[in-house]
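The next block holds one structure in the form of structure tokens; read it before the comments.
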Number of protein chains: 2
Amino acid sequence: MAQPKKAASIWDVARLAGVSHQTVSRVVNGSPRVAAATRDKVLEAIAELGYRPNRLARSLAGGAAESVTVLTADTSLYGAEAALRGIERAARSLDWSVQISVLDPAETHSDADIIARLPRAGEPTIIMAHDEPGMRAKQTLLDTQPHAMVAIGSYTAEELAASPWLVGMDDGKAAAEATRYLLALGHDTVHHVAIPTSTGTFGGGRAHRADGWARVLREAGREVPNLVPSGWTIAEAFKAVQPLVADPEVTAILCGNDHLALATLRAAHLAGRSVPGDLSIVGFDNTPFSAFTTPALTTVNQDFESVGRGAFELLRHRVDGSIPRPKPGWPEPELIVRETSGPPQVRP
Amino acid sequence: MAQPKKAASIWDVARLAGVSHQTVSRVVNGSPRVAAATRDKVLEAIAELGYRPNRLARSLAGGAAESVTVLTADTSLYGAEAALRGIERAARSLDWSVQISVLDPAETHSDADIIARLPRAGEPTIIMAHDEPGMRAKQTLLDTQPHAMVAIGSYTAEELAASPWLVGMDDGKAAAEATRYLLALGHDTVHHVAIPTSTGTFGGGRAHRADGWARVLREAGREVPNLVPSGWTIAEAFKAVQPLVADPEVTAILCGNDHLALATLRAAHLAGRSVPGDLSIVGFDNTPFSAFTTPALTTVNQDFESVGRGAFELLRHRVDGSIPRPKPGWPEPELIVRETSGPPQVRP
DNA sequence: CCGCGTGATGTTAGCGATCACTATTTCGCC
DNA sequence: GGCGAAATAGTGATCGCTAACATCACGCGG
């Protein structure tokens, strides 16, 4: 079936079927205003020529977009990767195409850079970027084409309810739950190794993992220890966490994600502290590897793939202006207790 | 700067600058046949209107494609994710757009399904799919638009040299190196937990990890143990590897990737076998987490990101039909010895 | 002083679809 | 039997851009 020739267009089909190009268009788009006999003729011609509509032409002509652009900060983070997977799956099932564009925070992003990277007006976009250039991009998008964008992130239930273009889960709440769990185990306090935040400062928002952690400690009347900031890489976390694991007073650490938790686990091991005997470690995200570390990581499961799928659904409804449905739902974050957490050792 | 209006077109710019739309096109595309004064006027108008060319219209009109479609089997595998990252980076630096489309092997793929998922004729495509539907898609692409496609995979140097559209590294060679290393350590033989192959059968090709492993054993005059097939997930590997780690005769295991190695590590631990004392484990890919497991994984580093970047470069040259350059190069796979490998215990 | 090459620009025709009309049947119903 | 609505099909404009060709002014050689 080698056929390096040009692809068939709607006109070729029309000619073969003996109808007008518009009729072919109607058949392809499932218009009801076509006689059955005509439809069959056209369908036959389509099959014979192997005709497939040209997406470019279709959206140029003002038809449905059938294409999403995903703007993300880093595809190597588990959350982003999983959400992207969810988006892609949902898009594929409806035969939409997916474009990805990475807003690399490493490249210094002037406003002009950001604008250049942004999809054109009207192009449906899902943005998941929580760093500084990401926030600026989001704002620009919001100003320019609010109806054709959806943002994924960590937000409180109220924030989620207030903005029809926001999708995500409340990480703060999940972190709070994990912190409460550690406290209930008998730990005096819980330390926190944090992932970078959108603003570069910690404690600003309400839905950040670090915020949920601090809130619970305050509510429990415990002193809130200094938070340990880490970068995204495991190596950075490993370095940042050294003083913590060396301190025998520290008995419980909540980590911003499973990669940081892995680094902490190793650092603790090298520092001669047993886990969970001397030290409890709790991760975040339930990354696939987390169940298979030794000891297996206690962590918080987050269904990013469902969030991605939900973001796509929401976007689709917003774009076509259909009845504003309730936002799609997905499983809440859930603490998964495995082997790295336990009660503190009774000290003499 | 809120401006929910329609984006400026080439005509708007032309009107504002007092020139024809074609002149604007010339300026935008950097044609030399424009007077400096005119160019400045146009540039000014572009800046004022915030004009950005419409990709769709551009490629519809037969201009340069400036867009790649990446066909992949699974974005959650580290290799695919890293290669995709490389492609995206390279594409972004040239301002190309990147589309992804996942060929899910779970969905039963009829030929029609595959064709439907394929990019349209002429659309530059990079394919990284080694399973059955992936191979069929590759073949179709090759028949249809050989000049606009590049495939990423594991191939021998000869295969790579023979097909101008092939890009990748020789995993077989890398696996051979790792196997030799374990043999040199004094192990009688090396067992292998294998990732799935394109054909579903093992031992067919020459560049598969399993092939390199078997080759070295044969060359060394050792018996080649039964290979242990595993799926892609850690959980599958964990299950598959149980009999191996339980067998005290087994002293060295080469794993198809770091995820399988992690599963093996845990299984060994639970079976009460010490690593690397009783059992050496070597992974593959140098996944970010591999340096931070306990003990840290000995593995083979693979620079997938560079391969992705190289695939993009090659594709670009093939598409624009420019002088066929030599294929881009990148670092060879390299064994990284960490803590999970060592000499076998001397048995009484 | 004509003719012609050359550089700068304009004009026209698509690319492959959709949209908004218009034209032709067909059919129900009084 | 005639009239208008509904069903069906076709025509032309348009989306934003590029390719190919046409035009125009200028300058130079014969």
Side-chain angles (χ1 to χ4, degrees), chain A residues 5-43 45-46 49-67 95-97 119-123 319-321, chain B residues 5-43 45-46 49-67 95 97 119-123 320-321:
Chain A
K5 319 181 53 178
K6 253 186 42 175
S9 84
I10 203 171
W11 288 96
D12 301 320
V13 176
R15 199 174 315 122
L16 183 59
V19 299
S20 78
H21 66 119
Q22 181 59 294
T23 299
V24 176
S25 174
R26 288 196 183 95
V27 171
V28 169
N29 295 314
S31 155
R33 311 209 156 289
V34 179
T38 312
R39 183 192 314 278
D40 289 347
K41 262 193 312 189
V42 172
L43 253 19
I46 287 179
L49 294 174
Y51 166 78
R52 288 166 50 201
N54 182 327
R55 270 221 167 69
L56 302 185
R58 183 175 279 182
S59 43
L60 218 212
E66 307 214 331
S67 154
D95 214 45
W96 281 42
S97 75
R120 282 181 57 86
E123 164 75 6
V319 166
D320 74 7
Chain B
K5 319 180 53 177
K6 255 187 40 173
S9 85
I10 204 171
W11 285 97
D12 301 321
V13 176
R15 200 175 314 121
L16 183 60
V19 298
S20 79
H21 66 119
Q22 181 60 284
T23 299
V24 176
S25 172
R26 288 195 183 94
V27 171
V28 169
N29 294 316
S31 155
R33 310 209 157 291
V34 178
T38 313
R39 184 192 312 280
D40 289 348
K41 262 193 313 189
V42 172
L43 254 19
I46 287 179
L49 295 174
Y51 167 77
R52 288 166 52 202
N54 182 327
R55 269 223 168 70
L56 301 185
R58 183 176 280 180
S59 42
L60 218 211
E66 308 213 332
S67 155
D95 214 45
S97 75
R120 281 181 60 85
E123 164 75 5
D320 74 7

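Per chain, numbering begins at 1; letters A, B, ... match sequence-line order. All figures in this text were calculated on a predicted structure; none of them were measured in a lab.
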Is the backbone of [Y] close enough, under 3.5 Å, to the side chain of [X] for a donor and an acceptor to pair up by distance?
X: Ser59(B); Y: Arg55(B); value: yes
X: Asn29(A); Y: Ser25(A); value: yes
X: Asp40(B); Y: Ala37(B); value: no

Taking the side chain of [X] as heavy atoms from C-beta outward, which of [options] is closest to it?
X: Ala57(B); options: dA9(D), dC17(D), dT18(C); answer: dC17(D)
X: Gln22(B); options: dG16(C), dG14(C), dT11(C); answer: dT11(C)
X: Leu60(A); options: dT18(D), dG16(C), dG10(C); answer: dG16(C)
X: Thr23(B); options: dT11(D), dG10(C), dG16(C); answer: dG10(C)

Find the distance [X]:[atom1] to [N]:[atom2] and express it as a whole number of Å.
X: Ile10(B); N: dT14(D); atom1: CD1; atom2: C1'; result: 16 Å
X: Arg58(B); N: dA17(C); atom1: CZ; atom2: P; result: 21 Å
X: Glu66(A); N: dA17(C); atom1: CD; atom2: P; result: 13 Å
X: Asp40(B); N: dA8(C); atom1: CG; atom2: C1'; result: 15 Å
X: Lys41(B); N: dA8(C); atom1: NZ; atom2: C1'; result: 12 Å
X: Glu123(A); N: dC15(D); atom1: CD; atom2: C1'; result: 15 Å
X: Arg39(A); N: dA7(D); atom1: CZ; atom2: P; result: 14 Å

Taking the nucleotide of DNA chain C with the closest heavy atom to each, which residue, Asn54(A) or Trp11(B), is nearer the 5' end? Trp11(B)
Is a donor-acceptor pair below 3.5 Å formed from side chain Arg52(A) to base dG16(C), judging by atom type as modelled? no
Which distance, rounded to the nearest 0.5 Å, do you find between the OH of Tyr51(A) and the CD1 of Ile10(A)?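 If we round to the nearest 0.5 Å, Tyr51(A):OH and Ile10(A):CD1 are 4.5 Å apart.
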Check this one for me: any side-chain N or O of [X] less than 4.0 Å away from OP1 or OP2 of [N]?
X: Ser25(B); N: dT18(D); result: yes
X: Arg33(A); N: dT8(D); result: no
X: Thr38(B); N: dT9(C); result: yes

Under 4.0 Å between any heavy atoms, over every strand shown, what does Arg55(A) touch: base, sugar-phosphate, or nothing? Just pick one. nothing
Using a cut-off of 4.0 Å on non-hydrogen atoms, how would the nucleic acid contact of Val19(B) be classed: base, sugar-phosphate, or nothing? sugar-phosphate
Give the C-alpha distance, both sets of side-chain angles, the deciding distance and a yes or no for side chain to side chain contact (heavy atoms under 4.5 Å, CB included) between Val13(B) and Val19(B). CA-CA 8 Å; Val13(B) 176; Val19(B) 298; over 6 Å; no
Residue mapping more 5' on DNA chain D - nearest nucleotide basis, Ala35(A) or His21(A): Ala35(A)
